[in-house]
Amino acid sequence: MEKLLIKGGKSLSGKISCSGAKNAALPMIAATILCDDKVVLKNLPYLQDITTMFELLGSMGSEILLDENMDFTISSANLKDIEARYELVKTMRASILVLGPLLSKYGKARIALPGGCAIGSRPVNFHLDALKQMGASITLRNGYIEANASQLNGANIKFEGVTVTGTENLMMAATLAKGQTILTNVAKEPEIADLADMLNSMGAKISGAGTDKIVIDGVDKLKGTIFDIPADRIEAGTYLVAAAVTKGSITIDGINPNRLMKVIDKLRAAGAEIDYNEDSISINMKLEFPNPVDITTAPFPEFPTDMQAQFSVINAISSGTANIYETVFENRFMHILELNRMGCDISVKGNHAVIQGVKSIYGAQVMATDLRASASLILAGLCAEGETVVDRIYHIDRGYERIEEKLNYLGANIIRLPS
Ligand code: UD1
């Protein structure tokens, strides 16, 4: 297995561009199932999760072409198969995103039930309950979700809990349903509005995406489109933290700061100077030790759970004590044990971490457990004394495009060690 060797202590400076957002791209690739025309997706990030999604569509019969501009053309007309096999679903839970489109377009779908994952049990009951309300019959058999519906019907659906991929699945399913669907208690993440923009450009009739209530008027057919994937707010946030923990000064281009306001507020509270315009954010960290910042994760527009592990590192080297409450996933502190092996002083009780800042941390051999946990270990390696080796970095390759290249461009010293 490949590893990253990080020689810590370098202050980051310079400018990089943000890549396309993984969490916007995945539902958009699934949405191509909804029409028979070709769909062109631009600015797709080169990531393992994107490859897995293409593998899934390819296994069902989609044709995927990459041109000289690195744009992908996806043609999902007349799929020969409507099954998401366990081998693919187990490596990426977001495979569940093909359920809504398959059911809406083909009237059936067979999707392996995603199991637990490193950050919690992550069930899909909200997706299934909502699809049932649209008239789908759903049975669970041999570890698979078997869903059928000769025609999905519009419905008034209030989600029991806020779910990002659940909202996306239902929004996609409702585009071709008969009549109007009203979704409430939905997720408001920017990627939901991005997906609605793409679907509307395909002829869907969706309003309210990004608010508490989404209204979808079903149409008979969707057409092809050409769509640009917006920038990845979590990637941008991670690099901002990299600058904050290395007393750095960097600019990230291509990112809309409105998608990161809670993160920007917390970075300012930690002592960083931040400037932005409509598509770029600059950070300058002058404090020797960041101020401690309390964090409570919650659905957008609150502080994102996908930035929680990164802020553990800011607090770990801060000048005081901070509290982190993780309210979205029940088991998202796996990085803490590894951070403590690097000299951090963090205790965890349930969903609450108490972080006592220390004057310095030191390199160690550490193990990545999930995507954002691996990001936090790299961040810790950047500000640690000596060398850090991060193992199991396939987790990081799922969600960060060329991370060591981008960080080295900013002045870090990271080497990818071969298997
Ligand atoms: C998405 C993001 C992920 C992010 C998460 C929360 C993608 C591909 N992934 O994941 O990066 O960390 O949102 O912002 O966009 N839940 C249920 N039943 C369900 C669905 C969810 O109980 O049917 C629970 C989950 O266990 C979790 C919470 O709801 O505790 C939120 O999960 P959800 O928003 O669905 O996360 P994902 O969409 O899987």
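For ligands, and for the atoms within them, numbers begin at 1 and follow the listed sequence.
- Contact annotation: for H127 versus ligand 1, heavy atoms closer than 4.0 Å belong to both the backbone and the side chain.
- Proximity of T165 to ligand 1, defined as any heavy-atom pair under 4.0 Å, is shared by backbone and side chain alike.
- Every residue meeting the side chain to side chain contact (heavy atoms under 4.5 Å, CB included) condition with A136, not counting sequence neighbours, appears here in chain and number order: L103, L131, I138, A149, L152.
- Under the 4.0 Å criterion applied to side-chain N and carboxylate O atoms, R233 and E191 are assigned as salt-bridge partners.
- Not a single N or O atom of E330, backbone or side chain, sits closer than 3.5 Å to an N or O atom of ligand 1.
- The pair R259-D232 does not meet the salt-bridge criterion, since no charged nitrogen lies less than 4.0 angstrom from a carboxylate oxygen.
- Note on D294 versus K266: no salt bridge recorded, every NZ/NE/NH1/NH2 to OD/OE distance being 4.0 Å or above.
- Close N/O approach between F329 and ligand 1 is not found [any backbone or side-chain N/O within under 3.5 Å].
- Within ligand 1, the atoms closer than 4.0 Å to a non-hydrogen atom of R332 are 12 (O), numbered from 1 in the order shown.
- A salt bridge is defined here as a Lys NZ or Arg NE, NH1 or NH2 lying under 4.0 Å from an Asp or Glu carboxylate O, and K15 with D253 meets this definition.
- At a heavy-atom cutoff of 4.0 Å, ligand 1 is contacted by no atom of E160, backbone or side chain.
- Ring planes of F311 and F303: perpendicular class, angle over 60° (limits at 30 and 60°).
- Between N23 and ligand 1, a contact under 3.5 Å exists for at least one N or O pair.
- Electrostatic pairing of R332 and E326 does not count as a salt bridge here, judged by no charged N lying under 4.0 Å from a carboxylate O.
- In the model, K406 has a side-chain atom that pairs as donor or acceptor with a side-chain atom of S19 under 3.5 Å.
- A salt bridge does not link D228 with K42: every distance from a Lys NZ or Arg NE/NH1/NH2 to an Asp or Glu carboxylate oxygen is 4.0 Å or more.
- Atom numbering of ligand 1 starts at 1 in the shown order; those under 4.0 Å from a heavy atom of V162 are 29 (O), 31 (C), 34 (O).
- Residue N125 approaches ligand 1 through these ligand atoms, each under 4.0 Å from one of its heavy atoms: 17 (C), 18 (N), 19 (C), 22 (O), 23 (O).
- Below 3.5 Å of separation, one finds an N or O of P123 facing an N or O of ligand 1.
- Both the backbone and the side chain of T163 come within contact range of ligand 1, each with a heavy atom under 4.0 Å.
- Residue contact annotation: L371 has no non-hydrogen atom under 4.0 Å from ligand 1.
- Salt bridge absent: D212 and K158 never bring a charged side-chain N and a carboxylate O closer than 4.0 Å.
- Proximity of L128 to ligand 1, defined as any heavy-atom pair under 4.0 Å, is not found for any part of the residue.
- With ligand atoms numbered from 1 in the order given, ligand 1 contributes 6 (C), 12 (O), 14 (O) to contacts under 4.0 Å with heavy atoms of T305.
- Looking at ligand 1, you'll find an N or O of V328 within less than 3.5 Å of one of its N or O atoms.
- Taking every heavy atom of D306 and a limit of under 4.0 angstrom, the matching atoms of ligand 1 come to 3 (C), 4 (C), 11 (O), 12 (O).
- Few gaps surround CD on E87; more than 12 heavy atoms of other groups in view lie less than 6.0 Å from it.
- The distance criterion of under 3.5 Å between nitrogen or oxygen atoms is met by F126 with respect to ligand 1.
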